[in-house]
Colleague: 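Before anything else, here's the structure in question.
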Number of protein chains: 2
Amino acid sequence: MNLSPVSERFAAKALQRWATAVLMRQGVAEAPATLTAKVLVRTSLRGIDTHGLARLPAYVDKLATREVNAQARPRMERRHGLLHCDGDNGLGQVVASFALDEAMLAARTSALVACSIRSTGHLAALGGFVLSAAERGFFAILCQRTPPVMALPGARGPVIGNNPLAFAVPLVGRPPLVFDMAHSVVARGHVAQALREGKDAIPRDWAIGPDGTPTTDPALALQGAMQPIAGHKGLGLAMLVECLAGSLHGFVPGEDAAAPTDLRGPAANVSAFLLVINPALAVGQGAFDASVSAWMQTYLEASGLGARYPGQRQAECEQQRLRQGIPVPAGLLAELRALGRSVGRPFDLEAA
Amino acid sequence: MNLSPVSERFAAKALQRWATAVLMRQGVAEAPATLTAKVLVRTSLRGIDTHGLARLPAYVDKLATREVNAQARPRMERRHGLLHCDGDNGLGQVVASFALDEAMLAARTSALVACSIRSTGHLAALGGFVLSAAERGFFAILCQRTPPVMALPGARGPVIGNNPLAFAVPLVGRPPLVFDMAHSVVARGHVAQALREGKDAIPRDWAIGPDGTPTTDPALALQGAMQPIAGHKGLGLAMLVECLAGSLHGFVPGEDAAAPTDLRGPAANVSAFLLVINPALAVGQGAFDASVSAWMQTYLEASGLGARYPGQRQAECEQQRLRQGIPVPAGLLAELRALGRSVGRPFDLEAA
């Protein structure tokens, strides 16, 4: 998911300090600004370049227009055993981290804690949140509803969101398993990118055009809908996420029904569902670890030489980029420099 | 999923009475025998012929060899808020129904109830259990681990189960949404069936051979592994189910590691995970219903004429088969007659 091969590298710490300063210029207090910058930079460190620092300019836009609330105070309520987090339309990184912290706190005495999250800004990469839970010993699942972007061939337009889902599990002696996917064959951003780059054709299984037939034309694809993974199976799984992440707090779509038109996606009014499981209370740490180790060993041995589990490559990328810096491609670099100038926090970092 | 076009039809009630009598001949008491027969017959009523009455002969075998415990007494324990059901190796229909009843009872006062299920017999179609929860007003999710049967190209053998997952949601004024899938492109039974029917080739995306390459040869496919839906995405989702349905109660595979070799699958030592959500307590019945209705309307309108939601076709099939009888194909009919003779409960039903 590298944006471009032409790039300069910058130290993660320096990028994080700068991004924090930029967010603070939009009225975000130091702690939530630092947290947001940390999450975005760590996403970039792990090689998920489309969902890391590249999102900062859009976040600043949404803060400037007040679509995202810089001074948000997320609230948590517990009703009949279910946690309800109202994000107060704050930055998604702030809201999701708050929800995760509260759920992990509750999971010190409960084996399983569920939390419905509403009115939050864009969450970017879901995997980062569940990863941080797994690093604290929890098995966590996070899923999110999105505006409709997907449909099967034959449809007249998008029927449901690509509703991403992530989970992470602690592994003994290895970095956590982290899995993060959307239910579309590829993200809509890939089609937009193909169009920007002047590509003639995209694979036929990516999208349908406005007439409902699969198309290789990226322009028609953007007017149509993305195809779900595995046909009806992907659509059904997206419905499950819709029920968990949307209907469980009564979400009824309004203005958000339009599909996002660029890589950045919608920045506010996001809904999500979080499950945090404490293996030590659920079954005992040793029993849980032994079970996960057993099936993971089967998986790695049978998968052959060079087999990796989900999250392993990202963990390796993070170690490498901590040493060598995060590559920032020329296009994004120009965007960040312009952003820095416009908010009075020049991007004057030295390349690593 | 009709097994064959050549079939005779029998009334559901009559099939259920006979199946109950057959199970009672294996030492199953009347109540659990009736329950099991009801679940199997309803699965057949809904058109899922591969997972309905067709499973009865295998269940009788497993009861006869005591692999499945005819006198099982499933037990439920609550630890740190999580329900744990020990199925005592009973019939899966009995154990899952027991777990579901207990979870629904708990969900009268809790918005969300989770239950880990172990030591149960074969569950057959997961959709039937969540359907019955949705018919009582609950949003339910049920997933199950299976022995390893899936792998991506390049693997030396199966790396993980196809780990089916089902959910159901009540809809206002319509039969419930019921979604039920495994994470393989198709069930292994389809390959076995192709081989039995002497077919030369299966689609290339169904399976890999023992050398790890995709194969169209059903015999090689049975020696290899089934391919997951959507490549790494299907594999990752199967891992999520493995953690929920297996690791959450410390399941470590032993003798079950071999893949099932026929349509019937393993009959005992199954593990599962159940989530029962009470919409009225989670968010309020009206708010939940309004949300589900809103996205379902988007789905149906944009999907075009003749659009169906998951479970709709099965509900229609059930109504039709209640009127016209359940078609039993010649092969299965011969098997049921032989079974009836062998247990002293002749299959002397009159065709409908």
Colleague: How close do B/Phe167 and B/Val130 get, counting heavy atoms only, and between which atoms?
Modeller: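 Nearest pair, atom of B/Phe167 first, then B/Val130: C-CG2, 3.7 Å.
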Colleague: Among A/Asn163, A/Leu235, A/Ile160, which residue meets the side-chain contact (heavy atoms from CB on, under 4.5 Å) test with A/Pro228?
Modeller: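 Only match with A/Pro228 under side-chain contact (heavy atoms from CB on, under 4.5 Å): A/Leu235.
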Colleague: Select, from A/Ala290, A/Gly236, A/Ala155, the one with the greatest count of heavy-atom pairs under 4.5 Å involving chain B.
Modeller: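 Highest number of pairs under 4.5 Å: A/Gly236.
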Colleague: Donor-acceptor check, side chain of A/Ser110 to backbone of A/Leu112, threshold 3.5 angstrom: yes or no?
Modeller: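 It does not hold such a pair.
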Colleague: Given a strict heavy-atom distance threshold of 4.5 Å, which part of A/Pro310 is in contact with chain B: side chain, backbone, both, or neither?
Modeller: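 Side chain of A/Pro310 only, per the 4.5 Å heavy-atom cut-off to chain B.
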Colleague: Quick check on B/Thr109 against chain A: is it the side chain, the backbone, both or neither that has a heavy atom closer than 4.5 Å?
Modeller: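 Only the backbone of B/Thr109 comes within 4.5 Å of chain A.
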Colleague: By a 4.5 Å heavy-atom criterion (distance strictly below it), what part of B/Val185 contacts chain A: side chain, backbone, both, or neither?
Modeller: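 Contact with chain A involves the backbone of B/Val185 alone.
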Colleague: Sequence neighbours left out, what pairs pass salt bridge (Lys or Arg N to Asp or Glu O under 4.0 Å) with at least one residue falling in residues 231-249 of chain A?
Modeller: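 Passing the test, one end in residues 231-249 of chain A: A/Arg145-A/Glu242.
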Colleague: Check whether any side-chain heavy atom of A/Trp295 lies under 4.5 Å from a side-chain heavy atom of B/Ser247, and answer yes or no.
Modeller: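 Yes, close enough: below the 4.5 Å cut-off.
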Colleague: Taking distance alone, no hydrogens or angles, what donor-acceptor pairs closer than 3.5 Å link side-chain atoms of residues 174-182 of chain B to residues at least two apart or in another chain?
Modeller:
unit_1, atom_1, unit_2, atom_2, d
B/Asp180, OD2, B/Leu126, N, 3.3
B/Asp180, OD2, B/Gly127, N, 2.7

Colleague: What option among B/Leu165, B/Ile229, B/Val169, B/Leu240 has the most heavy-atom pairs under 4.5 Å with chain A?
Modeller: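 Top option by heavy-atom pairs under 4.5 Å: B/Leu240.
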Colleague: Output side-chain donor-acceptor pairs under 3.5 Å for residues 299-307 of chain B, partner residues at least two apart or in another chain, one line each.
Modeller:
unit_1, atom_1, unit_2, atom_2, d
B/Tyr299, OH, B/Arg308, O, 2.8
B/Glu301, OE2, B/Gln297, NE2, 3.0
B/Ser303, OG, B/Tyr299, O, 2.6

Colleague: Side chain of B/Gln312, backbone of B/Tyr309: donor and acceptor closer than 3.5 Å?
Modeller: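 Yes; judged by distance alone, with no hydrogens or angles, the pair exists.
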Colleague: Count the heavy-atom pairs under 4.5 Å between each of A/Ala282, A/Ala294, A/Gly234, A/Ala230 and chain B, then report the option with the highest count.
Modeller: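 Max contact count across the listed options: A/Ala282.
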Colleague: Give me the atom names and distance for the closest heavy-atom approach of B/Phe251 to A/Ser291.
Modeller: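 Closest approach of B/Phe251 to A/Ser291, heavy atoms only: O-OG, 2.5 Å.
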Colleague: I need the residue from B/Asn278, B/Leu237, B/Asp289, B/Val113 with the largest number of non-hydrogen atom pairs under 4.5 Å to chain A.
Modeller: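 Highest number of heavy-atom pairs under 4.5 Å: B/Leu237.
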Colleague: By a 4.5 Å heavy-atom criterion (distance strictly below it), what part of A/Met239 contacts chain B: side chain, backbone, both, or neither?
Modeller: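 Contact with chain B: backbone and side chain both.
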Colleague: Using heavy-atom distances under 4.5 Å, tell me whether A/Ala151 contacts chain B through its side chain, its backbone, both, or neither.
Modeller: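 No part of it gets close to chain B.
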Colleague: By a 4.5 Å heavy-atom criterion (distance strictly below it), what part of A/Phe139 contacts chain B: side chain, backbone, both, or neither?
Modeller: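 For A/Phe139, the side chain is the part near chain B, not the backbone.
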Colleague: Where along residues 75-84 of chain B does a heavy atom come under 4.5 Å of chain A, listed by residue number?
Modeller: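 Interface residues of residues 75-84 of chain B: B/Arg79, B/His80, B/Leu82, B/His84.
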Colleague: In Å, rounded to the nearest 0.5 Å, how long is the span from CD of B/Gln227 to CH2 of B/Trp206?
Modeller: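 Reported value, rounded in 0.5 Å steps: 12.0 Å.
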Colleague: Do you know which of B/Ala287, B/Ser116, B/Cys243, B/Gly157 has the most heavy-atom pairs under 4.5 Å to chain A?
Modeller: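 Looking at each option in turn, the highest pair count goes to B/Cys243.
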Colleague: Would you check if the side chain of A/Arg204 reaches a backbone N or O of A/Pro214 as a donor-acceptor pair within less than 3.5 Å?
Modeller: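 Here the side-chain-to-backbone pair exists.
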